[in-house]
Structure formats: C-alpha cells, structure tokens
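Below is one structure, written out as structure tokens; comments come after it.
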Amino acid sequence: MNKHEEGAIIIALQYCKIKVFNGYRSLSNSMHATLILIHEKLEEFMGFHDHVTESNLKSLLIGSSSSSVISVSRYADPFTAVSITCIGELLLSVDESVHCIIGIVLKVNTDKAWFYNGCTKCKRKVEEDGETFYCNYCAAAMSTAIPRFRLELVVIDDTVPANFTLFDREAANFLGVSAEFMMTKAEKVDDDSMQSLAEFDKFLGIPFVFKVGVKLAKWSSMPLITVQAMSIPINAMDRRK
Ligand SMILES: [Zn+2]
C-alpha cells in the first residue's frame with residue numbers, strides 16, 4: 001500500500017467545469033463548489049495508480065481525446081462518466097442526452113401540483129375514476145393510490161435558470177418525508193399560506209449536483225429536464241481535510 005507514496009503526484013479537481021474553446025480545453029470553477037485535491041491519501045487516488053503507469057500517464061496527458069479525463073467520486077456513483085455542463089448549454093442540448101449540472105434551487109413551484117397519485121404496484125400515475133383509481137400500465141383498478149412527489153424546481157447556475165422535474169425517490173430521500181405525509185399535513189392545515197409546505201424550503205439556496213435527462217418537447221422551445229439523481233448538498237460534503 002506504499003505505492004501511492006511514489007511516482008507521479010496526483011492532482012484531482014472535484015466539481016469543476018471543462019470548457020472547450022477553439023479546440024482547447026480549460027477548467028473553471030463552478031458555483032464556487034470546485035475543490036482542488038493534491039496528492040491526498042484517498043482510496044480513489046491509490047486506485048488511480050493501479051490504472052495509470054508512468055508510461056501510459058504520459059500518453060494520456062498528451063492525448064487530445066477525453067480519455068485523459070478520469071472521473072472518480074466516492075459520493076455519487078451515478079454522476080461518474082457524465083461531464084458537468086451549465087444550464088445555458090443544457091437548454092441547447094440534443095434529445096435524450098444526459099448531463100450533470102451544479103445548481104442552486106431558487107424555488108419549488110408549488111402553484112402547480114407537487115404530487116401525483118401513483119399505482120400501488122408500478123408507481124406510475126393512475127387515473128381517478130370516482131372513488132377508485134385505474135392504472136393504464138397494469139390495466140387494473142384499485143381502491144387506493146399512493147401519493148408520490150413530482151416537484152418542479154427552478155434551478156439556476158451562473159448562466160440561466162431552468163425548470164427541473166424531481167420525482168419521488170430523490171425528493172423523499174432528501175426531504176426525509178413522504179408525499180403522503182406532506183399531503184396529510186397540508187389537509188390538516190387547510191389554508192393557502194403554504195405554511196404546510198415549509199419542508200420544501202429545505203431545497204433553497206444550497207448547491208446540489210443534478211444528473212439530468214433532456215427531452216425535447218414538441219409544443220415548447222424549452223426541453224423537459226428530469227432529474228435522474230441528485231447529490232447531497234455540496235456544502236454538507238466532507239471537505240476532505
Ligand atoms: Zn400500475
């Protein structure tokens with residue numbers, strides 16, 4: 001295990017953006033979240049030496065392909081191998097593409113529905129049919145449905161704001177409560193003061209890494225952006241002293 005004490009010094013950048021201009025790559029800070037880690041005794045760094053020997057390290061560095069970009073993260077496996085882009089570029093990206101964004105949540109749009117009634121089996125949206133519910137996917141009627149989060153977040157980075165749709169798993173994970181809990185609470189309070197939705201304020205003002213999928217809409221110039229994974233707040237991450 002002394003291997004990492006020898007050989008090349010490893011400098012790693014966490015949460016930085018790669019900009020390409022006139023064919024040249026440059027690195028830039030992103031939302032003040034970028035960290036420079038120099039030869040730290042971390043598992044990932046030790047592993048790095050196993051993949052990179054002295055001779056192929058040189059060829060990696062002079063190579064022009066993206067093979068010189070090796071992504072490691074102990075926090076966010078779903079985020080590896082997806083480069084970080086900005087929202088401005090995201091809005092111009094191609095259909096079905098996947099990106100990582102570092103952004104801050106400005107607002108949760110609670111004027112629109114923030115949950116949907118989900119099928120008890122497949123979790124997809126069910127149709128209300130009087131007292132019962134019907135799932136088109138399962139082709140089955142059911143007496144109950146489970147409320148599930150479908151939040152519209154207004155996310156901004158140092159370019160432009162955009163609406164991201166956040167689904168149940170990521171929302172409930174972060175909030176620590178279920179949509180059913182929030183619904184029951186909102187029904188009890190029964191006012192328009194949004195007091196009952198105060199939990200959503202937890203999203204505001206902190207940077208997250210979002211892995212998002214882009215879907216072009218036929219009826220709008222704005223693409224639909226769906227969050228596939230969301231990191232814990234970047235501020236809360238271990239700063240790896
Ligand atoms: Zn179903």
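Order of appearance sets the numbers: ligands from 1, and atoms from 1 within every ligand. For reference, positions follow the sequence shown, starting with 1.
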Ring-face cation of Arg150 near Tyr116 (centre distance under 6.0 Å, axis angle within 45°):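 No.
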
Reference residue Asp157; test side-chain contact (heavy atoms from CB on, under 4.5 Å); the match among Ile102, Leu90, Ile87: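 So the option named by the test is Ile87.
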
More than 12 heavy atoms of other groups within 6.0 Å of Lys202 NZ: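 Above 12, so yes.
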
Met183 atom CE, neighbour heavy-atom count above 12 within 6.0 Å: yes

Metal environment of the Zn ion (ligand 1), protein N/O/S under 2.8 Å: Cys119 SG, Cys122 SG, Cys135 SG, Cys138 SG

Interatomic distance, Leu106 atom CG to Asn163 atom CG [nearest 0.5 angstrom]: 10.0 Å

Straight-line distance of Arg148 CZ to Lys123 NZ, nearest 0.5 Å: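 That separation rounds to 5.0 Å.
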
